[in-house]
Visitor: 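Attaching a single structure in structure tokens format; questions to follow.
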Amino acid sequence: MLLLEKAKRGEITKEMEKVAKIERVDVEKLREGIARGKIVIPYNNRRGSKINTNVPEIEPKGIGEGLTVKVNANIGTSEALSSIDTELRKLDAAVEGGADAVMDLSTGYDIDKTRKQVIAQSSIPVGGVPVYQTATELRRKEKPLVEMNTEDIFDVIRRQSEDGMDFVTVHCGLTLSGIERLKQQGRICDIVSRGGAMLTGWMVHNQKENPLYEEYDKLLDIAREYDLTLSLGDGLRPGSVLDATDRAQIQELLVLGELVDRAREADVQVMVEGPGHVKFNRIRTNMEIAKELCNDAPFYVLGPLVTDIAPGYDHITSAVGGTLAAVSGADFLCYVTPTEHLGLPGEKEVKEGVVASKIAAHAADISLGNEYSLERDRQMSIARKELNWEKQVELSLDPERAKQIKKDTNPQKDKDTEDKDSEDKSTGEECSMCGQYCAMKIADEALK
Ligand code: SF4
């Protein structure tokens, strides 16, 4: 029986129990959130089963209303760069940075092998975008994507599900009428979603409706077989802050809302994906419209990036937008790395992207009143006041970086800590920022 089916029947599963414990929420409340479609736990039913022994059990992650904001990291081979080993190292970097999920978006080398290895090695849920693999496999047969047979894409979805994918992005809400709307109104950056652009090419060339929309029931059948969570992609998401919240974007969202209802009726867990590039003052509107039209389905956003002029720093432009998005209702943030719009990220950029999104997620959690998240900030403030450097490093989102900066900028004081494993002897000592004018020390003396 599917997780959503069980939740609707009032049954509490071990995944629900684990998530409730991690999130410190009442398990019955969690079950009710799942039953109403406001929370999902992406967890392929092949995990831990004897059917496919290469799909390990993982720590389940709850995404949705009343839970902490989650972060996804995209990894995956490309034709131009990288290898399976590199992607596995990126997976480790993402987990080390605190990612709650990864998506394997491989389009290079052996895609099936890469996915299997990522799933076998990952301790967190794994997702994918099947249309990428569909396009790559056709190209390898020297066929353009426009020659795709609709069964090609369903075959990849089945294969990815069989291998243990927990969630897939499927651009089901992209329709011929949505494309027509886009053409009529015009945009600066027409379509920036890779999957959206691929399907648009196929639909326009063949003058046929999107197979993922037209044959949505077939998709639901596959999802039911594996308890696969659908992440309804936004093929027409804006790729420029000047394109955001336009009619094409909203038209697709209307369709997605209807598809959410159909997935829930079929007991298939479903999330909805959102923008993209949005001006800061429009983020709240975007989140509220999406939540309203999609009946409070968990909302998964890419960024949003709040300006288009910072290539090299788009982990920051997206963290700025991601914070407001999460405060306004987004439940799941897809990271953006410093190499966004420029090239494929390496391990270092993967970690930077994850940490930037974790900052956004945590900032939203404490703003939304999560007392357990806020406790970490309280402990950090106490450690700062006490000039307790070890504790500050320990509480950091990126302890390794905090420790390194402290060491590099305080060469004298930290000379005893050359050995990485040795205890930090500088507790109680000011850092090089204000030196003898350390406000913490001066105030401590004055207020004793
Ligand atoms: S020297 Fe300045 S920055 Fe460093 S601990 Fe004291 S107050 Fe903080």
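Counting convention: from 1, in listed order, for ligands and their atoms alike.
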Visitor: Does a side-chain N-to-carboxylate-O contact under 4.0 Å join Asp26 and Lys29?
Guide: no
Visitor: Between Asp308 and His341, do the side chains contain an N or O donor and an N or O acceptor separated by less than 3.5 Å?
Guide: no
Visitor: Considering heavy atoms of the protein only, find what lies nearest to atom 4 (Fe) of ligand 1 and give residue, atom and distance to 0.1 Å.
Guide: Cys431 SG, 2.3 Å
Visitor: Quick one: do the Thr169 and Glu273 side chains pair a donor with an acceptor below 3.5 Å?
Guide: yes
Visitor: Give the residue, atom name and distance (to 0.1 Å) of the protein heavy atom nearest atom 2 (Fe) of ligand 1.
Guide: Cys434 SG, 2.2 Å
Visitor: Would you say Glu23 and Thr68 are linked by a side-chain donor-acceptor pair, where the criterion is simply a distance under 3.5 Å?
Guide: yes
Visitor: With a cut-off of 2.8 Å, does any N, O or S atom of Cys438 fall short of it relative to atom 6 (Fe) of ligand 1?
Guide: yes
Visitor: Quick one: which ligand 1 atoms are inside 4.0 Å of a heavy atom on Met433?
Guide: 3 (S)
Visitor: Report yes or no: do Gln404 and Glu400 form a side-chain donor-acceptor pair below 3.5 Å?
Guide: no
Visitor: At less than 4.0 angstrom from any non-hydrogen atom of Leu387, what atoms of ligand 1 do you find?
Guide: 5 (S)
Visitor: Would you give the length of the straight line joining atom CD of Gln160 to atom OH of Tyr226, rounded to the nearest 0.5 angstrom?
Guide: 11.5 Å
Visitor: With a cut-off of 4.0 Å, which atoms of ligand 1 are near a heavy atom of Ala439?
Guide: 7 (S)
Visitor: What is the nearest protein non-hydrogen atom to atom 8 (Fe) of ligand 1, stated with its residue, atom name and distance?
Guide: Met440 CG, 4.4 Å
